[in-house]
There are 2 protein chains.
Amino acid sequence: MATKAAAPAPDSPPPGRPQATRRGPRTRQELLDAAERVVLRDGPSASMNAIATEAGITKPILYRHFGDKAGLYVALADRHIETLLARLQEALTRPATRQERTRAAIDAWLRLVEGNPALYRFLVHRGQAEEPEVRDRVAMFQRRLGNALAVGIAAELDLPEDQWPRAQAWAHGIVGMVQAAGDWWLDEQPFGREDLTRHLADLIDGAYTRA
Amino acid sequence: MATKAAAPAPDSPPPGRPQATRRGPRTRQELLDAAERVVLRDGPSASMNAIATEAGITKPILYRHFGDKAGLYVALADRHIETLLARLQEALTRPATRQERTRAAIDAWLRLVEGNPALYRFLVHRGQAEEPEVRDRVAMFQRRLGNALAVGIAAELDLPEDQWPRAQAWAHGIVGMVQAAGDWWLDEQPFGREDLTRHLADLIDGAYTRA
DNA sequence: GACAGAAGTTACCGCCGGTAACACACTAGC
DNA sequence: GCTAGTGTGTTACCGGCGGTAACTTCTGTC
């Protein structure tokens with residue numbers, strides 16, 4: 001009974017949450033918007049106090065809404081991760097040639113990198129501090145992405161089941177490849193996005209061709 | 001005069017440091033050993049107090065030796081990064097076939113991943129909290145690695161100068177690829193290290209072959 | 001109008017990174 | 001032998017963090 005309001009709704013809001021929009025002066029969405037503003041401005045080390053101030057409230061409300069800092073960050077990440085994953089899925093299953101699918105998926109990723117670097121760094125990169133919950137969430141996102149890509153590769157190459165581990169290794173490697181190349185490119189910007197897309201697609205196509 | 005002993009030796013110890021071993025009861029090396037023990041046990045969120053206790057001393061001594069937490073972590077990382085980088089350089093310039101060099105470099109990396117996962121995570125992965133100094137150091141390590149690999153690729157393929165950006169994109173991508181695949185493999189362990197080495201080398205060789 | 005309950009506040013806790021100020025050893029010079 | 005100086009170590013503190021308890025509105029309902 002000591003922690004009466006400790007576990008009110010750490011993750012139930014997304015599914016149900018009918019009363020949040022009732023007469024509440026501040027919607028969960030508004031809080032997330034404010035949090036995103038601060039995190040994108042101050043980096044992932046933004047304090048809960050700063051976020052609360054930006055939202056025009058005080059700390060305990062944030063904690064009532066999101067449980068703890070990790071909960072807030074996870075909610076923040078989830079808003080974008082799902083849409084990004086959907087966009088990548090669409091690119092990967094688009095009815096087109098294999099090369100075009102590859103290029104479309106890489107381009108979708110790089111568009112996020114280029115369009116909102118701060119958001120990209122928050123979502124994908126290290127930077128979520130040591131919060132293990134958030135780390136796991138981001139790792140899970142990359143893992144899901146890799147697994148989806150592995151299925152696509154196995155289908156693409158018509159691999160027999162005993163070759164699936166190879167497809168998985170490739171898939172998770174390719175995810176990391178695009179990410180790392182995007183990081184480097186974001187810093188150096190030695191050429192346009194289209195060029196990087198083409199270079200990376202070339203690399204992957206080479207592997208496909210030889211497989 | 002307020003901070004009389006604030007800037008005694010934040011980074012001068014590595015080069016000179018003749019008096020540290022004079023009659024000092026505790027060597028810088030011993031402190032780093034203790035710090036490494038704690039970090040590898042508790043993760044990168046280990047507190048300075050815990051490290052000091054492990055070393056049998058108290059906090060201010062740590063701060064006199066390393067300046068701040070980032071300085072300690074950088075010193076900790078540097079001990080291993082240089083040797084790892086040298087090992088990779090050796091594999092990349094070894095007199096052998098291109099395939100063998102590729103495999104040797106990947107294998108050197110994966111041996112570290114397999115042999116000491118905690119150290120690997122500390123060195124390469126996210127996890128150094130938000131300390132930007134340490135983040136930069138690790139990023140710089142990967143960047144150096146990618147640049148060295150880019151030179152190797154350009155030489156390997158005899159690329160004209162106007163094609164160097166492509167080699168760079170590939171190099172930084174490949175570094176991320178091996179790292180991400182290694183992460184995934186470390187968690188799932190669906191097959192032996194040699195298999196992963198072979199799969200990744202195949203992917204890269206395919207690109208080479210088609211280039 | 002009394003009441004349930006959500007929204008919001010102040011004020012606190014323990015811990016963290018980091019620092020100031022002081023105490024002890026040891027060696028050097030007279 | 002005594003003092004001065006320097007490096008090693010300590011205790012005790014600071015501001016700020018994440019997180020919580022306890023209290024105060026404010027709002028709508030019967």
Side-chain angles (χ1 to χ4, degrees), chain A residues 1-10 12-13 17-28 30-31 34-35 38-39 42-74 128-134, chain B residues 1-10 12-13 16-28 30-31 34-35 38-39 42-53 55-74 128-134:
Chain A
M1 48 174 66
T3 61
K4 187 163 49 172
S12 62
R17 202 67 177 181
Q19 80 282 15
T21 176
R22 263 222 306 225
R23 57 159 166 69
R26 257 143 203 120
T27 311
R28 182 184 169 90
E30 288 175 325
L31 298 184
V38 176
V39 167
D42 300 352
S45 61
S47 80
M48 292 296 267
N49 242 327
I51 294 174
T53 302
E54 170 75 23
I57 51 170
T58 49
K59 268 198 300 178
I61 313 179
L62 279 183
Y63 283 93
R64 270 217 267 271
H65 271 278
F66 301 104
D68 58 357
K69 190 176 187 178
L72 202 176
Y73 278 43
V74 166
Q128 288 79 353
E130 62 264 34
E131 311 290 343
E133 203 171 330
V134 187
Chain B
M1 46 179 65
T3 62
K4 190 164 44 174
S12 62
R17 203 66 177 182
Q19 80 282 16
T21 177
R22 263 220 308 221
R23 58 159 166 67
R26 258 147 201 117
T27 312
R28 182 183 169 90
E30 288 177 324
L31 297 184
V38 177
V39 167
D42 298 353
S45 62
S47 80
M48 292 296 267
N49 242 327
I51 293 174
T53 302
I57 51 170
T58 49
K59 269 197 302 177
I61 314 180
L62 279 183
Y63 283 94
R64 272 218 266 271
H65 270 277
F66 301 103
D68 58 358
K69 190 175 188 181
L72 202 177
Y73 278 43
V74 165
Q128 289 80 354
E130 63 265 33
E131 311 290 344
E133 205 171 329
V134 187

Participant: Measure the distance from NE2 on B:His65 to C1' on C:dG18 and round it to the nearest whole Å.
Facilitator: 16 Å

Participant: For the pair made of CZ in B:Phe66 and P in C:dT19, what is the distance, rounded to whole Å?
Facilitator: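 Interatomic distance, CZ of B:Phe66 to P of C:dT19: 15 Å.
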
Participant: For A:Val74, enumerate each residue passing the side-chain contact (heavy atoms from CB on, under 4.5 Å) test, keeping only those at least two apart in sequence or located in another chain.
Facilitator: A:Asp78, A:Val134, A:Arg137

Participant: Tell me, please, which residues at least two apart from B:Ile61 pass side-chain contact (heavy atoms from CB on, under 4.5 Å).
Facilitator: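 For B:Ile61 the side-chain contact (heavy atoms from CB on, under 4.5 Å) partners, ignoring immediate neighbours, are B:Ile57, B:Thr58, B:His65.
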
Participant: What's touching nucleotides 9-16 of chain C from the protein side, N or O pairs under 3.5 Å?
Facilitator:
from: C:dT9; atom 1: OP2; to: A:Thr58; atom 2: N; distance (Å): 2.9
from: C:dT9; atom 1: OP2; to: A:Thr58; atom 2: OG1; distance (Å): 2.5

Participant: With A:Ser47, which residues qualify under side-chain contact (heavy atoms from CB on, under 4.5 Å), at least two apart?
Facilitator: A:Asn49, A:Ala50

Participant: I'd like to know if the side chain of B:Tyr63 reaches the main chain of B:Met48, judged simply by a donor and an acceptor atom lying under 3.5 Å from each other, with no hydrogens or angles considered.
Facilitator: no

Participant: Check A:Ser45 against A:Asp42 and note the closest heavy-atom contact, atom names and distance.
Facilitator: OG-O, 3.9 Å

Participant: For A:Ile51 and D:dC17, what is the distance between atoms CD1 and P respectively, to the nearest whole Å?
Facilitator: 11 Å

